[in-house]
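Read the structure below first, then the notes.
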Amino acid sequence: MGRGEFPLMSFAEILDNLPLRKSPLLQHFEEDLAPKSDVALERMAQRAQTLTRQNFGQTMRLFAPLYLSNECINNCRYCGFSRDNAILRVTLSVEQIAAEARHLAGQGFRQLLLVAGEHPKFVTQDYLAECVRILAPDFSSISIEVGPMETADYLPIVAAGAEGLVVYQETYNREIYSEMHTSGPKRDFNWRLESAVRGYDAGFRRLGVGALFGLSSWEDEAVALAAHVEYLLKRCWQAQITVSLPRLRPAAGEFQPKFSMTDRELAQLICAIRIAFPQVGIVLSTRETAALRDALMSLGVTMMSAGSHTEPGGYTRQGVDDLHLTVRGRIVAPEFQDGVDEIATGQFEISDKRSPAEIAEVLRRRGLEPVWKDWDQALAAV
């Protein structure tokens, strides 16, 4: 299949036929996921490291998530923002978001990921477009991770200056997906699955996908995720594709995962993805511990978050005067006890709490150059 050509069938059809039909690339990828001896895994790690340096140099892009809102109309059993969770919620104003962004800019960041719960009343396309428009002059790369939209709804957000769209499928297992998402529009598996293509057709040129490891067997999720990447590289051939491999972390609701993924298995998966897709970006979040992130940053990772907060207003305490408690979707007056910190509830607990400057110093000690600013847009404008 040549450059610019793409499969006629949707990825939903490909995914449903995946158990019976895998490409040669996916067959090799599956072999790389099989249990390996220490020697074999070390060979994989060396190959992955070589491919990463060949395609990305000695660099690591650093970005920060900026949470806009933790309002949500979905019930997702594993998510802290789930509608029925009794948590403190807030949606930041555009001015409050600008204040959060100024703080991040002061720390060196020029690449932002705008994140919000899925609630069309609070997080509208106009609201998102205005957020991007305000931030675009000071940030070279802005991506969004919000509820899936129609292609037409993405257009004003792209026009405002957003270049990246991140939509994680959470799990590629239809049965488990239905079990995890008990109410709300997120229950529509196929609608979420095709979000990246709709975003690409709207003009996004960075597309991020991923699975949330812990909901299903990590090997099965990995193969499905790889199939999704393979499809997007053909269908959305002008876009840069990134892959994220988050593992479940504690959150409001106290969901207990049925499946586990060890540190060794995560490292093996990063190597396998790099070997299968040498030019695809691999993202590592602050969900993982500092020690593990330090160990993985040399294998195949090309993007890392740093100094992250997963609650709206977490960087500068914006929005604290507008906090409200919701219980099963209904707003009730919050009652704060003396000594309790009044701040919006985060989506999940982070593990690596080091500052961006500390992360940058670790990267330099390991021979990697932290990249705070993305130059693609500037070069494209020349």
Show your reasoning for whether side-chain contact (heavy atoms from CB on, under 4.5 Å) applies to I275 and M44. CA-CA 8 Å; I275 292 168; M44 281 184 65; 4.3 Å; yes
Hydrogens and angles aside, do [X] and [Y] bring a side-chain donor and acceptor to less than 3.5 Å of each other?
| X | Y | result |
| --- | --- | --- |
| R198 | S195 | yes |
| R77 | T182 | no |
| N75 | S183 | yes |
| Q111 | R61 | yes |
| E358 | S355 | yes |
| E100 | T316 | yes |
| S143 | E163 | no |

Interatomic spacing from [atom1] in [X] to [atom2] in [Y] - rounded to 0.5 Å:
| X | Y | atom1 | atom2 | result |
| --- | --- | --- | --- | --- |
| I176 | T171 | CD1 | OG1 | 5.0 Å |
| N190 | E13 | CG | CD | 9.5 Å |
| R317 | H103 | CZ | NE2 | 13.0 Å |
| M304 | I282 | CE | CD1 | 13.0 Å |
| L245 | I273 | CG | CD1 | 4.5 Å |
| L368 | R364 | CG | CZ | 11.0 Å |

[Y] and [X], any side-chain heavy atoms less than 4.5 Å apart:
| X | Y | answer |
| --- | --- | --- |
| L323 | R89 | no |
| P370 | M60 | no |
| L215 | N173 | no |
| R192 | V167 | yes |
| P156 | Q125 | yes |
| E311 | N70 | no |
| C236 | V197 | yes |
| I359 | R293 | yes |

Would you find a donor on one side and an acceptor on the other, under 3.5 Å apart, between the side chain of [X] and the backbone of [Y]?
| X | Y | value |
| --- | --- | --- |
| Q27 | K22 | yes |
| Q96 | S93 | yes |
| S298 | A295 | no |
| S305 | S308 | no |
| N85 | I87 | no |
| Q49 | C271 | no |
| T50 | Q46 | yes |

Identify, with sequence neighbours excluded, every residue that meets side-chain contact (heavy atoms from CB on, under 4.5 Å) alongside Q279.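 With neighbours one apart ignored, the set is N55.
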Got more than 12 heavy atoms from elsewhere within 6.0 Å of CD, E254?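 No, because the 6.0 Å sphere around CD of E254 holds 12 heavy atoms or fewer from other groups.
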Distance-minimising heavy-atom pair for [X] and [Y]:
| X | Y | value |
| --- | --- | --- |
| V123 | S69 | CG2-CB, 3.8 Å |
| E265 | S260 | OE1-O, 4.2 Å |
| I142 | V132 | CD1-O, 4.0 Å |
| A86 | L325 | C-CD1, 3.8 Å |
| G210 | Y168 | N-CD2, 3.3 Å |
| M297 | V362 | CE-CG1, 4.0 Å |

R274 and L299: side-chain contact (heavy atoms from CB on, under 4.5 Å), yes or no, with the steps? CA-CA 9 Å; R274 173 56 63 230; L299 288 183; over 6 Å; no
For the pair F11 and H228, name the ring-plane relationship: parallel under 30°, tilted 30 to 60°, perpendicular over 60°.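 F11 vs H228 ring planes: parallel.
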Which word best sums up how the rings of F277 and F29 line up, parallel for under 30°, tilted for 30 to 60°, or perpendicular for over 60°?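 Ring orientation, 0 to 90° scale: tilted.
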Should R287 and E349 be marked as a salt bridge (charged side-chain N to carboxylate O under 4.0 Å, His left out) after you check the CA-CA gap, both sets of side-chain angles, and the distance that decides it? CA-CA 7 Å; R287 288 173 179 262; E349 295 180 12; over 6 Å; no
Identify whether [X] and [Y] are in the same connected component of the hydrophobic contact network (ILVMFWY, side-chain heavy atoms under 4.5 Å).
| X | Y | value |
| --- | --- | --- |
| L92 | V320 | no |
| M9 | L25 | yes |
| L165 | Y127 | yes |
| V283 | V371 | no |
| L207 | L15 | yes |

Is it the case that R247 places NZ or CZ above or below the six-membered ring of W218, under 6.0 angstrom from the centre and within 45 degrees of the axis?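 Pair R247/W218 does not count as cation-pi.
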Does R235 qualify as a cation-pi partner of Y200, given the criterion of NZ or CZ under 6.0 Å from the six-membered ring centre and within 45 degrees of its axis?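 So R235 doesn't make the cation-pi contact.
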SB check R102 D138 (cutoff 4.0 Å):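 D138 and R102: not salt-bridged.
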Ring pair (Phe, Tyr, Trp, His ring centres under 6.0 Å) for H181 and Y78? Distances and angles first, verdict last. CA-CA 9 Å; H181 303 98; Y78 52 85; 5.5 Å; yes
Taking the ring of H119 and the ring of F81, is the distance between their centroids below 6.0 Å?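 They do not qualify: ring centres at least 6.0 Å apart.
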Do F204 and Y154 have ring centres separated by under 6.0 Å?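 They qualify: ring centres under 6.0 Å apart.
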N74: which of E118, R187, R83 passes side-chain hydrogen bond (donor to acceptor under 3.5 Å, both in side chains):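 In the set E118, R187, R83, the residue that makes a side-chain hydrogen bond (donor to acceptor under 3.5 Å, both in side chains) with N74 is E118.
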Among F348, Y67, Y315, which one satisfies ring pair (Phe, Tyr, Trp, His ring centres under 6.0 Å) with H309?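 Result for ring pair (Phe, Tyr, Trp, His ring centres under 6.0 Å) with H309: Y315.
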Report the C-alpha separation of R206 and T242 in whole Å, then their side-chain angles, then the decisive distance to 0.1 Å, and conclude whether the side-chain hydrogen bond (donor to acceptor under 3.5 Å, both in side chains) test is met. CA-CA 7 Å; R206 295 187 193 273; T242 61; over 6 Å; no
Report the C-alpha distance between V166 and I144 in whole Å, list the side-chain angles of each, state the deciding distance to 0.1 Å, and finish with yes or no for side-chain contact (heavy atoms from CB on, under 4.5 Å). CA-CA 6 Å; V166 176; I144 63 170; over 6 Å; no
Could you walk me through whether V115 and L66 pass the side-chain contact (heavy atoms from CB on, under 4.5 Å) test, one step at a time? CA-CA 6 Å; V115 189; L66 199 171; over 6 Å; no
